[in-house]
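What follows is a short report on a single structure.
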Number of protein chains: 2
Amino acid sequence: MAGFKGQAEYSIDSKGRIAIPAKMRNALNPEAKSTFTITRGFERCIFLYPLDTWLGIESEISALNTYNRQARDFVRSILMWAEEMVLDAQGRISIPKPLAEFAGITDKGLVIGALDHVEIWNPDSFAAHMNEQADDYETLAERVMGL
Amino acid sequence: MAGFKGQAEYSIDSKGRIAIPAKMRNALNPEAKSTFTITRGFERCIFLYPLDTWLGIESEISALNTYNRQARDFVRSILMWAEEMVLDAQGRISIPKPLAEFAGITDKGLVIGALDHVEIWNPDSFAAHMNEQADDYETLAERVMGL
DNA sequence: GGATTTCTCCCCACTTTTCCCCACAAGTGG
DNA sequence: CCACTTGTGGGGAAAAGTGGGGAGAAATCC
């Protein structure tokens, strides 16, 4: 099963909706029933997990030891932002206000595929984030993929 | 199975399409179903992986630990440019706009076979890249291939 | 508690892009 | 020399992205 790939800069309409690229919609497993769980991501962006993938994450989370304070805080941090959203007939989802604020998203959103999930960024934040990254692509590839 | 070889300078039409040389199309494994995954390469060029080869890369990527920030950034850097493209009836693929911009490709493309993948360069960039390379062919060979 | 306002979501309409298809010219091989 | 493949170009139907109206639910305010 091919994962999510690609990028697209789409506009957010006055109702806070953003289109999900057709290529990514088509990569959705039928079991996901056009549903994404939207939550905060790492770095200042939003994560979208297909429903079927999300269920796996939920069971990982529920396996955590809740007698550990750090685990509790982690669970709170993920779940307080999470929301199940179904694509509308035009293939869009509406971004919950708290998440839009968190990611600093107003009128433009950069949608990128990241294999098991989709990310939505404020285009400017994303450019800034990539600039902060000290190593260039070639170095990163060598380090991460090993040699 | 024979790998990709050879070079060809082809034109990009007004719709951003470029032909893949017949020799390389014939080198495609039937399993690839005439499909390439197109993504950014190292240096300023575009990589084309046959679908079957790409799936192997994708599973390597998915094995990375995404709780590590460098790994996350690497996954973003490679996948945001990636796109699955099927050859049209004329044996062409259309180059996604972001990639064309990245590689500085406008009206001409230099297509090079590189064993497990195909590369597309702006012909001028490629010439410049080869000039930057201080060592000549013989020296390079000695260093890379050992003794 | 009821009326008003706000918000959410479903639906329809318009514009742009994508991609499928056909056509032609140049090159290749028998 | 002719048939066939290969590279190049473009028209047109279908899909994708964008915007907004309006019914119903939820929240708010008197």
Side-chain angles (χ1 to χ4, degrees), chain A residues 4-28 33-38 46 48 51 81-101 105-113 118-123, chain B residues 4-28 33-38 46 48 51 81-101 105-113 118-123:
Chain A
F4 298 111
K5 298 185 254 304
Q7 58 173 313
E9 190 174 326
Y10 285 165
S11 58
I12 318 274
D13 66 22
S14 56
K15 295 180 181 179
R17 297 173 300 189
I18 187 169
I20 302 300
K23 293 248 171 75
M24 300 185 192
R25 295 203 303 264
N26 295 336
L28 261 186
K33 298 179 195 300
S34 306
T35 305
F36 282 101
T37 297
I38 184 170
I46 297 174
L48 257 50
L51 182 58
W81 301 94
E83 200 113 14
E84 255 179 43
M85 307 271 1
V86 182
L87 292 170
D88 70 10
Q90 279 68 35
R92 297 172 291 195
I93 55 139
S94 54
I95 304 176
K97 282 204 194 73
L99 276 173
E101 233 171 83
I105 290 176
T106 51
D107 58 338
K108 287 275 174 195
L110 179 67
V111 184
I112 71 180
V118 172
E119 304 187 349
I120 304 179
W121 289 75
N122 171 321
Chain B
F4 299 111
K5 297 187 254 307
Q7 59 172 310
E9 190 174 325
Y10 286 164
S11 60
I12 319 274
D13 66 23
S14 57
K15 294 182 179 177
R17 298 174 298 189
I18 186 171
I20 302 300
K23 295 230 174 101
M24 300 184 192
R25 294 204 304 263
N26 295 336
L28 261 187
K33 298 177 195 300
S34 306
T35 305
F36 282 100
T37 297
I38 184 170
I46 296 174
L48 256 49
L51 182 59
W81 303 97
E83 202 104 28
E84 254 178 44
M85 308 272 0
V86 182
L87 291 170
D88 70 10
Q90 280 67 35
R92 296 171 292 193
I93 55 138
S94 56
I95 304 177
K97 283 203 196 74
L99 275 174
E101 236 171 81
I105 290 177
T106 52
D107 58 339
K108 287 276 174 194
L110 178 65
V111 185
I112 302 178
V118 173
E119 304 188 347
I120 304 179
W121 289 76
N122 171 322

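Numbered from 1 within each chain, the chains take letters A, B, ... in sequence-line order. The analysis underlying the following values was restricted to heavy atoms, covering all of them including side chains, and did not include hydrogens, waters or symmetry mates.
A:E119 and A:W121 form a side-chain donor-acceptor contact under 3.5 Å, judged by distance and modelled atom types alone.
Side-chain proximity of B:R92 to C:dA13, D:dT8, D:dA16: nearest is D:dT8. Side chain of A:K15, nearest nucleotide from C:dA23, D:dT18, C:dC9: C:dC9. Side-chain atoms of A:S14 lie closest to D:dG20 of the nucleotides D:dT8, D:dG20, D:dT6. Listed candidates were D:dA16, D:dG20, C:dC22. Nearest to the side chain of A:R25 is D:dA16. Side-chain proximity of A:Y10 to the nucleotides D:dG9, D:dA16, D:dG19 is greatest for D:dA16.
Although no hydrogens or angles enter the test, the distance criterion places no donor-acceptor pair under 3.5 Å between the side chain of B:R17 and the main chain of B:I12. Judged by distance alone, the side chain of A:R92 and the main-chain N or O of A:I20 form no donor-acceptor pair under 3.5 Å.
Proximity of A:K97 to the phosphate of C:dT6: no side-chain N or O atom is located under 4.0 Å from OP1 or OP2. Put simply, A:S94 has no side-chain N or O that comes within less than 4.0 Å of OP1 or OP2 on C:dC7.
Residue-to-nucleotide proximity on DNA chain C shows that, of A:A89 and A:K23, the 5′-proximal contact is made by A:A89.
The pair B:E9-B:K108 does not meet the salt-bridge criterion, since no charged nitrogen lies less than 4.0 angstrom from a carboxylate oxygen.
Backbone-only contact: B:I20 has heavy atoms under 4.0 Å from sugar-phosphate atoms and none from a base.
A donor-acceptor contact under 3.5 Å is formed by the side chain of A:R17 with the base of D:dG20.
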